[in-house]
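Chain A is the first sequence line, chain B the second, and so forth, proteins listed ahead of strands; every chain is numbered from 1. On a predicted model such as this, the values are computed, not experimentally measured, just so you know.
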Amino acid sequence: AAPLARSAGAGGLAQWVLVELQGEVEPRQSGGLAGSLLGDLHYTREGVPVLIVGHHILYGKVVQLEKPFAVLVKRGAGEPGPEEPHARYAVTALIKTKLLFKTRPKPIITNVPKKV
Amino acid sequence: MRSRAEVEATLQTAKLNPAELLPVAHCLSFGPQAGAGECCLLQLEPGLCAELEAGRSLVIRGEKDEQAVLCSKDKTYDMKIADTSNMLLFIPGCKTPEQLNADQASCNIIHSQIAGFSNNYWELRRCRPKLKKLRKLLMEDPYDSQKDQTLTFSKYTTEDLLSLIQASEEEILHQLQVIGACKIEGYWRILEFDYEMKLLNHVTQLIDSESWPLSKVPLRTCLEELGSLEPREMIEHILLSYGRKYTDDAGEVYFEMREDKICRAIAQMLLQNAVKFNLSEFQEVWQQSVPEGMTSRLDQLKGLALVDRTSRPETIFLLKVEDLPEDNQERFNSLFSIREKWTEVDITPYIQDLCAEKQTVGALLTKYARSSMQNGVKVYNSRRPIS
């Protein structure tokens with residue numbers, strides 16, 4: 001049996017947010033994703049999330065999840081692999097909200113340099 | 001790290017009006033461990049989120065050859081991977097518009113690191129706890145006080161059972177009570193049936209010789225009179241199993257004996273000695289065998305014995321639901337190989353335990369059986385040929 005230990009401190013579990021995007025995420029430069037920028041996230045005054053990724057603007061909506069998620073982090077030794085439920089897991093956070101970006105991205109047409 | 005100026009410049013390029021936006025912006029980047037696949041998502045069924053927030057834990061149970069289940073304190077769930085065509089990014093410290101409005105912060109940037117991403121998550125579905133294994137483990141070495149205990153190697157503590165059985169703790173403890181298991185020297189044991197009947201017989205004989213009412217059997221006297229024959233814990237255990245404990249105003253402990261359970265056990269004792277019995281002969285012997293003042297009735301034998309009203313003479317035979325397969329389809333196959341056509345009344349005790357949370361016996365029959373009319377009575381048979 002693998003207990004899902006709580007890795008958060010006494011204050012309770014952290015609340016994270018889920019961002020749901022269409023398609024796949026690929027690194028812009030070689031060397032993997034770690035450390036690289038995804039984009040800027042803004043909200044309109046009406047609370048509509050706006051994500052600027054590369055040359056695209058994505059409009060989304062804030063969704064309260066009917067079924068929240070728990071984020072599990074694998075801990076300790078064991079064969080790597082996404083479908084290894086017998087490994088030890090810790091619940092590190094809860095997710096009750098997601099930012100869903102379903103609309104087709106609007107391309108940003110630029111003919112001005114990006115740098116200020 | 002991106003600066004306010006860079007963010008403003010991007011907004012300008014994108015032709016977005018900062019006046020229409022909240023002053024705070026997030027710069028999202030991938031954290032150092034983001035691509036490592038160390039994080040995964042578990043979709044929570046109602047109630048589980050509250051349990052986690054209350055500080056209770058969830059446990060994944062299952063041996064390598066079993067499908068993993070997730071257990072809360074009192075429920076069991078099947079786990080399944082669900083794929084999504086979208087990319088799910090999980091981000092600590094990312095604020096929602098509500099939180100930002102409540103905060104009234106100045107124009108600044110929140111640098112949020114994406115902890116991980118995935119295109120699948122674990123989905124949960126409430127399921128029946130897998131408890132057949134519990135009886136199987138305890139039956140490896142049933143307890144009898146006459147048996148040499150030093151030869152026992154197959155013994156299980158509560159902790160052992162929790163790690164081996166795919167069920168929640170409460171479901172396991174409840175089932176231990178249902179099957180009449182008891183804790184002896186820290187280990188859960190099930191009694192050898194003959195030994196259990198021997199204990200019961202001591203008690204019923206004493207009730208008879210003392211002329212006690214069946215509803216007022218004193219614990220203290222039982223222990224005094226029978227303590228020389230059997231361990232006191234066993235006397236008390238049999239009283240707890242076959243009676244309802246209560247305390248009178250004077251603080252004395254009594255038991256109200258359970259007629260149905262006692263009659264049922266005696267029937268099992270009689271029926272296990274042959275393949276089947278002449279029904280009327282059995283009913284006569286059975287009534288004579290139960291304690292004075294108790295009435296034996298066929299409805300006490302649901303899930304224990306089956307009556308065949310088509311044979312001449314009518315017969316009865318032992319058929320214990322706990323000996324049948326746990327899997328739905330296998331259970332129905334087994335029942336239909338014992339008898340081709342069943343009435344709903346006859347089959348219900350043998351499929352009742354298969355019902356999921358809000359499922360009815362009728363729904364199970366619709367799914368796994370085919371109905372027809374026979375002599376004006378609705379009967380069920382197999383959907384597929386049984387060899």
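- If you take CG on A:L37 and CZ on B:F30, they are separated by 9.5 Å, rounding to the nearest 0.5 Å.
- To the nearest 0.5 Å, atom OG1 of residue A:T92 and atom CD of residue B:E38 are 11.5 Å apart.
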> Is there a side-chain contact (heavy atoms from CB on, under 4.5 Å) between A:V91 and B:L42 once you walk through the steps?
Replying inline: CA-CA 9 Å; A:V91 177; B:L42 174 72; over 6 Å; no

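- Under a cut-off of 6.0 angstrom, the local environment of NE2 in B:H174 is sparse, with at most 12 non-hydrogen atoms contributed by other residues, nucleotides or ligands.
- Contacts of B:L164 with chain A are absent, with no heavy-atom separation under 4.5 Å from either backbone or side chain.
- Proximity of B:L89 to A:L18: side-chain heavy atoms (C-beta onward) are nowhere separated by under 4.5 Å.
- Counting heavy-atom neighbours within 6.0 Å of B:Q177 CD, excluding the residue itself, gives a total of 12 or less.
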>> One pair to check against side-chain contact (heavy atoms from CB on, under 4.5 Å): A:L41 and B:I91. What are the steps and the verdict?
In response: CA-CA 12 Å; A:L41 172 68; B:I91 313 180; over 6 Å; no

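- Both the backbone and the side chain of B:T96 come within contact range of chain A, judged by heavy atoms closer than 4.5 Å.
- With a 4.5 Å cut-off on non-hydrogen atoms, B:Q43 touches chain A through its backbone and its side chain both.
- With rounding to the nearest 0.5 Å, the separation of NE2 in A:H42 from NE2 in B:H26 is 10.5 Å.
- Heavy-atom pairs under 4.5 Å with chain A peak, among B:C39, B:A34, B:P92, B:C94, at B:P92.
- Ion pairing between a basic and an acidic side chain is recognised when a charged N comes within 4.0 Å of a carboxylate O; A:K67 and B:E45 show such pairing.
- Proximity to chain B is absent for every atom of A:L65, based on heavy atoms less than 4.5 angstrom apart.
- Contact annotation for A:K96: only side-chain heavy atoms (C-beta onward) come within less than 4.5 Å of a heavy atom of chain B.
- Side-chain contact between B:L28 and A:D40 is absent, with no heavy-atom pair separated by less than 4.5 Å.
- Of the atoms belonging to A:V48, not a single heavy atom falls under 4.5 Å from chain B.
- A:Y43 contributes no side-chain N or O that, together with a main-chain N or O of B:V24, makes up a donor-acceptor pair within less than 3.5 Å.
- Contact annotation for A:T44: both backbone and side-chain heavy atoms come within less than 4.5 Å of a heavy atom of chain B.
- Using a 4.5 Å cut-off on side-chain heavy atoms (C-beta onward), B:K95 and A:Q15 make no contact.
- With a 4.5 Å cut-off on non-hydrogen atoms, A:V62 touches chain B through its side chain but not through its backbone.
- More than 12 non-hydrogen atoms from other residues, nucleotides or ligands lie less than 6.0 angstrom from CD of A:Q22.
- When each of B:Q12, B:E20, B:Q166 is scored by its heavy-atom pairs under 4.5 Å with chain A, the top score falls to B:E20.
- The ring pair (Phe, Tyr, Trp, His ring centres under 6.0 Å) test applied to B:Y187 returns no partner, not counting sequence neighbours.
- There is a side-chain donor-acceptor pair under 3.5 Å between B:N86 and A:E20.
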>> Could you walk me through whether A:I52 and B:V7 satisfy the side-chain contact (heavy atoms from CB on, under 4.5 Å) test, starting with their C-alpha distance in whole Å, then the side-chain angles of each, then the deciding distance to 0.1 Å, before giving a yes or no?
In response: CA-CA 10 Å; A:I52 308 176; B:V7 169; over 6 Å; no

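- Judged by distance alone, the side chain of A:R45 and the main-chain N or O of B:L21 form a donor-acceptor pair under 3.5 Å.
- Contacts of B:I114 with chain A are made by side-chain atoms alone, with heavy-atom separations under 4.5 Å and no backbone atom involved.
- A ring pair (Phe, Tyr, Trp, His ring centres under 6.0 Å) with A:F69 holds for exactly one of B:Y121, B:F90, B:W122; it is B:Y121.
- Looking at B:A19, the atoms closer than 4.5 Å to chain A (heavy atoms on both sides) all sit in the backbone: N, CA, C or O.
- Residue B:A14 touches chain A through both its backbone and its side chain, counting heavy-atom pairs closer than 4.5 Å.
- Counting heavy atoms from C-beta on, the side chains of A:I57 and B:K15 never come closer than 4.5 Å.
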>> Please evaluate residues B:C49 and A:L94 with respect to the criterion side-chain contact (heavy atoms from CB on, under 4.5 Å), reporting the C-alpha separation (whole Å), side-chain torsions for both, the decisive distance (0.1 Å), and the verdict.
In response: CA-CA 8 Å; B:C49 189; A:L94 290 175; 3.9 Å; yes

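- Contacts classified as salt bridge (charged side-chain N to carboxylate O under 4.0 Å, His left out) and involving residues 153-166 of chain B (residues at least two apart or in different chains) are not found.
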